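These notes concern the structure reproduced below.
Each ligand, and each atom within it, is numbered from 1 in the order the structure gives. Treat the numbers as computed from the prediction; the structure is a model and nothing was measured.
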Amino acid sequence: MRKIFVLGSLNMDLVISAPCIPAAGETICGSGFMANPGGKGANQAAACAKLGGHVLLGGCVGNDDFGVALCENLTASGVNTEQVYTAEGHSTGVAVIVIAHGDNRIILDAGANDTVDIARADALLQQAGEGDILLTQLEIPIETVGYALKKAASLNMLTILNPAPAYKQVVDYLEYVDIIVPNETELALLTGKYDVDEGIHELIKQGIRTMIVTMGSKGLCCYTEGRITYMGKAAVDAVVDTTAAGDTFCGALAVGLAEDCTLIDTLRYANHAAALTVTKKGAQASIPTRKEVDVFMSRF
Ligand code: RIB
């Protein structure tokens, strides 16, 4: 099986549920406070491992209790964290998340994630070879992401970019991306187009050959080899918390491709894995195992 290299962020998510989003100057009562492991890079690596992938994560945490807890949790999930470094003088990344009406709003303090530099990318990719996969996102410095994509492309790796949170500057590096996985908002920010088909055509003009636009409850839209395919969302009984659904999708995508499954089978699998994620609270805690996804899919 091809190895998966995830370069990205690790955050401790501080989560509280609220009946609504408070207005400016307003204080409201929430409930169900949780501190739980998150960060887009770490979530995607955890998804890869829980779904059966061979995954190494590169990133940075601070020299604090959150950093220790994040690494322990990832190791327990099966992620190789040898390339997660402790950045002295920085705090571990923190995400403050408010959940209201099943949706989330997130404020980030990147902390040590901002110290992930090209030396870290080099160290991670030292163990990579042709055919392996690089999966990355934008919660670490964009220059590091660009460098890693370029280096991975030069090693003939398959590169997957989840441009989240979206930064327009990432278009400078799209020539090194094999598969881009934005959500609708990110697609609009990258292309200036609010219609998904128009956004896809804009990215095609920029040389992207394969893209998968995740569309929440509407499912996904995939463009590859000149064709656009829509896939509806897998149905679940109740949406509890959407945090990490996109990350689970990206991790499952990487695992399917690492196992040489067809893109369409991989998308179906990733779609079901992401759907299961929204049925539980938390980020890494809500990511299903391979067995859970297999059981879920067997019902359809
Ligand atoms: O994608 C979800 C993640 O975004 C959360 O775990 C939070 O840490 C933020 O990075």
Under-4.0 Å salt bridge between Glu143 and Arg120:
no
Ignoring hydrogens and angles, state whether a donor on the side chain of Asn162 or Gln44 is under 3.5 Å from an acceptor on the partner side chain.
yes
By salt bridge (charged side-chain N to carboxylate O under 4.0 Å, His left out) - contacts of Lys218 (at least two apart):
Glu184
Partner of Thr92 by side-chain hydrogen bond (donor to acceptor under 3.5 Å, both in side chains), out of Asp64, Asn113, Asn11:
Asp64
Gly39 N/O to ligand 1 N/O under 3.5 Å
yes
Within a distance under 4.0 Å of any heavy atom of Glu139, pick out the atoms of ligand 1 and give their elements.
4 (O), 9 (C), 10 (O)
Of all the atoms in ligand 1, which lie at a distance below 4.0 Å from a heavy atom belonging to Gly38?
6 (O), 8 (O)
Protein contact to atom 2 (C) of ligand 1 [nearest heavy atom, distance to 0.1 Å]
Asp247 OD2, 3.3 Å
I need the nearest protein heavy-atom contact for atom 3 (C) of ligand 1: residue, atom name and distance, please.
Asn43 ND2, 3.7 Å
Atom 4 (O) of ligand 1: which protein heavy atom is closest, and how many Å away?
Lys40 NZ, 3.2 Å
Flag side-chain contact, heavy atom, 4.5 Å: Met157 against Phe5
yes
With heavy-atom distances below 4.0 Å as the criterion, list the atoms of ligand 1 near Ala283.
6 (O)
Show me which atoms of ligand 1 lie under 4.0 Å from any heavy atom of Asp13.
5 (C), 6 (O), 7 (C), 8 (O)
Do Glu292 and Lys280 sit within salt-bridge range, that is, some charged N less than 4.0 Å from a carboxylate O?
yes
Under a 4.0 angstrom heavy-atom cut-off, which atoms of ligand 1 come close to Ala95?
7 (C), 8 (O)
Thr191: partners by side-chain hydrogen bond (donor to acceptor under 3.5 Å, both in side chains), with sequence neighbours left out
none
